[in-house]
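The next block holds one structure in the form of structure tokens; read it before the comments.
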Amino acid sequence: MIDGHSHGLVAAWRIPEVEVSIVGDLDAWSAGHASQVLDEAMRFRPEVLVLDMARCRSLDTAGALLIVQTHQRMRYSGGSLSVRSALPQVVMTLRAADEYGALHVVGAGQRLPRHAADGR
């Protein structure tokens with residue numbers, strides 16, 4: 001019994017960072033496939049899941065909702081989500097979908113700050 005549970009061992013390892021590149025449009029049509037890819041990335045239990053949006057041409061409500069939900073799932077698992085290199089229209093759509101302003105979004109041309117977990 002570990003931590004009062006009888007479900008066996010609990011994984012205590014984490015990978016520092018996993019990066020997923022979004023290419024093309026992230027919309028209602030592609031959100032299902034993108035969700036599967038993000039699920040696979042989260043199975044690695046990253047401390048930080050980075051979405052590289054440099055080649056994402058457009059983002060609709062379904063795509064933005066997927067990113068917000070992924071952010072929530074990462075927080076619940078003890079990690080964080082960073083969105084980087086997003087075009088201005090993608091950033092605007094994400095900000096509109098993120099009612100609490102909790103997403104970490106870095107627009108195209110901006111530098112991604114070092115994470116506190118790096119210790120630098």
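Since this is a predicted model, take the numbers as computed values, not measurements.
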remark   = Correct closest heavy-atom pair for V48 and M74 would be C-CE, 4.4 Å
request  = Determine, stepwise, if the pair R73 / M42 fulfils side chain to side chain contact (heavy atoms under 4.5 Å, CB included).
outcome  = CA-CA 9 Å; R73 290 176 55 210; M42 289 184 65; 3.6 Å; yes
message = Could you measure the distance from the CD atom of Q69 to the CG atom of L38? Nearest 0.5 Å is fine.
response = 11.0 Å
task = Using the side chain to side chain donor-acceptor pair (under 3.5 Å) rule, collect all pairs that involve residues 57-66, keeping only residues at least two apart or in two chains.
result = D25-R57, D25-S58
ask   = Okay, side chain of R14, backbone of P46: is any donor-acceptor separation there less than 3.5 Å?
value = yes
request  = Nearest 0.5 Å please: distance from the CG atom of L51 over to the OG atom of S85.
outcome  = 11.0 Å
query = Do V50 and R84 touch side chain to side chain, with heavy atoms closer than 4.5 Å?
reply = yes
request  = Mind listing the closest non-hydrogen atom pair of M53 and V83 along with its distance?
outcome  = CG-CG1, 3.4 Å
ask   = Say you draw a straight line from OG1 of T93 to CG of L26; how long is it, rounded to the nearest 0.5 Å?
value = 10.5 Å
query = Side chains of L59 and I67: closer than 4.5 Å at any heavy-atom pair?
reply = yes
message = Show the nearest heavy-atom pair for residues C56 and L87, with the distance to one decimal.
response = O-CD1, 3.5 Å
Considering all heavy atoms, the nearest A31-L66 contact = O-CD2, 3.7 Å
request  = Write down the atom of H104, the atom of L81, and the distance for their closest heavy-atom approach.
outcome  = CB-O, 3.8 Å
In a table with atom names and distances, give each donor-acceptor pair under 3.5 Å that connects a side chain of residues 96-103 to protein atoms at least two apart or in another chain.
| residue | atom | partner | partner atom | Å |
| --- | --- | --- | --- | --- |
| D98 | OD1 | G101 | N | 3.4 |
| D98 | OD1 | A102 | N | 3.2 |
| D98 | OD2 | A102 | N | 2.8 |
| D98 | OD2 | L103 | N | 2.7 |

task = Report the distance from atom OG of S80 to atom CZ of R75, rounding to the nearest 0.5 Å.
result = 10.0 Å
query = Of all residues at least two apart in sequence or in a different chain, which pass the side-chain contact (heavy atoms from CB on, under 4.5 Å) check with I15?
reply = W13, V18, F44
